[in-house]
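All chains are named by letter (A, B, ...) in the order of the sequence lines, taking the proteins before the strands, and each is independently numbered beginning at 1.
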2 protein chains.
Amino acid sequence: MYRPALPWTMSKDTVAQNFSSKAYMDTLQPGPAPSPPPCKACRLRKTGAFTPVSADEMAFIESFRTSTLNRPAGSTLMHEQKPGGKLFTLYAGWAFRYKTLSDGRRQILNFLLPGDLIGLQQEFSDGAMHGIEAVTDVSLCVFPRDGLWELFRRYPNLGYDITWLAAREEGMVDDNLLSAGRRNAAERVAMLLMHLYRRLERLGLVQDGSVEFPINQQHIADILGLSLVHTNKTMRRLQQLGLHEIRNGRLWLRNPKALQRLADYYDAPLRRAPLL
Amino acid sequence: MYRPALPWTMSKDTVAQNFSSKAYMDTLQPGPAPSPPPCKACRLRKTGAFTPVSADEMAFIESFRTSTLNRPAGSTLMHEQKPGGKLFTLYAGWAFRYKTLSDGRRQILNFLLPGDLIGLQQEFSDGAMHGIEAVTDVSLCVFPRDGLWELFRRYPNLGYDITWLAAREEGMVDDNLLSAGRRNAAERVAMLLMHLYRRLERLGLVQDGSVEFPINQQHIADILGLSLVHTNKTMRRLQQLGLHEIRNGRLWLRNPKALQRLADYYDAPLRRAPLL
DNA sequence: CGAGCCTTTGACTTATATCAAGCGCCGTGG
DNA sequence: CCACGGCGCTTGATATAAGTCAAAGGCTCG
């Protein structure tokens with residue numbers, strides 16, 4: 001199985017702290033098992049980033065989950081053409097949704113972080129398909145697609161939550177579209193860095209003023225709608241201006257104020273999100 | 001109240017057939033009243049473009065609807081900053097969702113056509129706001145935002161439908177992001193024309209091989225992420241190549257095959273959509 | 001030790017933006 | 001009824017942001 005090299009220069013002595021799913025989880029939950037535990041022991045729920053659920057709902061979610069799954073970095077979690085596929089919650093690791101044109105041009109639609117629901121659109125949308133690929137090793141909770149309707153019927157709250165998640169994801173794509181359509185290269189980079197940092201922050205993943213940052217410049221180019229070379233030059237410039245720093249697979253915002261101003265990004269506080 | 005001039009050149013003798021909500025509706029339902037009728041007489045449901053609902057659900061929807069509303073072309077249906085606002089179904093006319101940067105750059109996120117649900121995201125998303133503006137005169141069915149949860153509880157089917165609508169809209173934004181990020185100007189235009197034509201077609205709005213097309217080139221530039229001038233030059237070229245024609249506020253696809261090839265657009269058949 | 005990724009950089013090309021001006025149609029007001 | 005102003009479309013000239021091409025270096029893995 002293809003396993004991409006770790007991004008950015010990484011000195012030997014820090015290799016051990018890479019961002020594979022295993023290492024990632026180890027930071028919060030020591031032990032060898034990367035697989036999600038039973039729902040009531042879910043690490044994510046303990047972060048306070050998610051809305052609490054009743055014992056009843058928790059039990060249903062647990063029973064609704066048919067299995068858990070680990071996939072290595074770079075693997076395709078959902079194919080761009082094939083409909084069907086499962087419904088997942090990303091438990092650990094990074095992934096992304098994307099679309100490609102037939103000549104290979106690729107656009108990343110948004111990044112998926114722990115707690116995000118994956119594959120909802122396949123259930124609905126008008127054939128407009130997208131693929132999903134794992135950036136790092138990932139672990140997933142698997143739900144049956146055809147049980148979704150039962151969920152809505154038996155637990156309207158959870159149905160409401162799913163709509164919430166769908167609307168939130170749309171909001172992220174909206175932001176991205178604003179970037180791709182109307183921001184210049186530097187503004188796009190600033191926006192992306194702020195956006196990802198804040199999402200990770202909410203998940204409690206800031207450590208020593210930095211977050212894990214497993215994506216490479218090709219990913220960044222593909223989400224921003226820029227070429228790889230131009231992305232590189234732009235990021236280099238921002239880094240040299242002291243706005244941010246990416247090193248050893250981690251991201252520091254050295255001057256968040258300036259980044260925020262550059263991106264014309266005004267944050268509302270992130271609310272707690274539902275978690276399935 | 002500001003009332004924009006009709007787009008593109010329009011000779012005097014065709015002015016009467018403009019695309020105000022009233023004229024629009026008159027084409028299908030003669031009579032002076034532009035306001036939506038009772039739900040069971042809803043013109044939209046008769047098009048076959050929407051999924052049928054039970055009598056029970058229909059009655060609930062009717063009672064859920066607090067009022068109807070007409071707004072003139074150019075008016076703001078939802079403010080970009082202010083949260084709250086109502087929940088609407090667009091009954092007649094065109095509108096669009098947009099975001100702006102503080103220096104005025106505007107990105108249209110997607111167009112809203114009859115049957116589309118409006119304002120769902122305001123209920124949920126993390127502060128990431130967008131505005132909504134009417135392109136033509138519009139008429140709307142108004143629903144109370146705080147009744148949404150009750151809807152989910154009492155009619156899980158309808159909750160499911162709302163999720164469907166949210167996912168479908170996200171799919172449209174996805175497509176748009178692919179365009180803005182990875183397609184060149186001509187490809188973007190081709191994509192947009194195909195996309196809008198097909199949506200209108202599904203609503204039964206094709207007449208004599210053309211559809212009403214009330215948006216101007218500034219709208220098109222703003223949804224495609226291009227400048228007005230470049231949009232004009234690109235569209236001019238495509239029109240001269242015989243791919244399409246826009247005249248008297250109507251759009252013809254003169255060479256759909258070529259447009260489709262140019263846009264790298266492959267259509268799955270549009271499914272019936274829910275209608276609230 | 002060699003191969004493969006990923007990053008970096010310089011030189012050059014090109015797509016798109018910006019600036020500026022003119023035209024036609026329409027609605028308005030004298 | 002005519003003149004004027006506004007809006008939307010069109011076009012040419014010029015500027016610039018971003019893309020493309022090419023090559024090299026660092027790390028890591030095998």
Side-chain angles (χ1 to χ4, degrees), chain A residues 1-20 72-74 103-106 135 179-189 213-222 224-240 245-249, chain B residues 1-16 18-20 73-74 103-106 135 179-189 213-222 224-240 245-249:
Chain A
M1 177 81 57
Y2 168 68
R3 177 68 198 286
L6 294 172
W8 281 286
T9 50
M10 173 170 289
S11 64
K12 277 181 179 171
D13 56 5
T14 57
V15 167
Q17 318 165 9
N18 74 45
F19 1 77
S20 71
D103 65 358
R105 282 175 284 177
R106 179 175 78 169
V135 175
S179 278
R182 291 301 179 207
R183 280 190 249 251
N184 66 30
E187 293 166 346
R188 294 184 207 187
V189 170
F213 205 69
I215 57 180
N216 63 32
Q217 294 189 0
Q218 185 64 64
H219 290 122
I220 296 179
D222 283 350
L224 297 182
L226 297 170
S227 71
L228 175 61
V229 173
H230 197 56
T231 300
N232 176 282
K233 286 172 178 167
T234 304
M235 295 189 70
R236 209 87 242 295
R237 216 176 76 233
L238 295 188
Q239 179 146 344
Q240 269 159 4
E245 184 176 353
I246 293 171
R247 191 168 37 83
N248 293 350
Chain B
M1 178 81 58
Y2 168 69
R3 177 68 199 285
L6 292 172
W8 281 285
T9 51
M10 174 169 289
S11 64
K12 278 182 179 171
D13 55 5
T14 56
V15 168
N18 74 45
F19 359 78
S20 72
D103 65 357
R105 283 174 283 178
R106 180 174 78 169
V135 175
S179 278
R182 292 300 182 209
R183 280 191 249 250
N184 66 30
E187 293 166 346
R188 293 183 208 188
V189 169
F213 204 69
I215 57 180
N216 62 32
Q217 294 187 358
Q218 185 65 64
H219 290 122
I220 297 179
D222 282 350
L224 298 182
L226 297 170
S227 71
L228 174 61
V229 173
H230 197 58
T231 300
N232 176 283
K233 286 172 177 167
T234 304
M235 294 189 69
R236 207 89 242 296
R237 218 177 73 233
L238 294 188
Q239 179 145 344
Q240 270 159 5
E245 185 175 354
I246 293 171
R247 190 168 38 84
N248 293 350

Can you name the salt bridge (charged side-chain N to carboxylate O under 4.0 Å, His left out) partners of B:Arg182, sequence neighbours left out?
A:Asp222
In chain order, what residues pass the side-chain contact (heavy atoms from CB on, under 4.5 Å) check against A:Arg236, with sequence neighbours excluded?
A:Asn232, A:Gln240
Could you tell me how far apart B:Asn248 (CG) and C:dG24 (P) are, to the nearest whole angstrom?
17 Å
In whole angstroms, how far is the P atom of C:dC6 from the CD1 atom of A:Ile220?
13 Å
Where is the tightest heavy-atom contact between A:Gln217 and A:Thr231, given as atom of each residue plus distance?
O-CG2, 4.0 Å
Using OP1 and OP2 only, check whether a side-chain N or O of A:Arg236 sits under 4.0 Å from C:dT9.
yes
Mind listing the N/O atom pairs, protein and nucleotides 16-20 of chain D, below 3.5 Å?
residue: D:dA18; atom: OP1; partner: A:Ala185; partner atom: N; Å: 3.1
residue: D:dA18; atom: OP2; partner: A:His230; partner atom: NE2; Å: 3.3
residue: D:dA18; atom: O5'; partner: A:His230; partner atom: NE2; Å: 3.4
residue: D:dG19; atom: OP1; partner: A:Ser227; partner atom: N; Å: 3.2
residue: D:dG19; atom: OP2; partner: A:Ser227; partner atom: N; Å: 3.0
residue: D:dG19; atom: OP2; partner: A:Ser227; partner atom: OG; Å: 3.1

Without decimals, in angstroms, what is the distance between B:Ile246 CD1 and D:dC9 P?
9 Å
Given atom CG of B:Leu224 and atom C1' of C:dT16, what is their separation to the nearest angstrom?
13 Å
Which residues share a side-chain contact (heavy atoms from CB on, under 4.5 Å) with A:Ser179, sequence neighbours left out:
A:Arg183, A:Arg188, A:Met191
Could you check how far CG of B:Asn232 sits from C1' of D:dT11, rounded to whole Å?
8 Å
Check side-chain contact (heavy atoms from CB on, under 4.5 Å) between A:Ala185 and all other residues, then give those that pass, not counting sequence neighbours.
A:Leu226, A:His230, A:Thr234
Does A:Glu245 have any side-chain hydrogen bond (donor to acceptor under 3.5 Å, both in side chains) partners at least two apart in sequence or in another chain, and if so, which?
A:Arg247, A:Arg254
Protein-nucleotide distance (B:Gln218, atom CD; D:dC7, atom C1'), rounded to Å:
12 Å
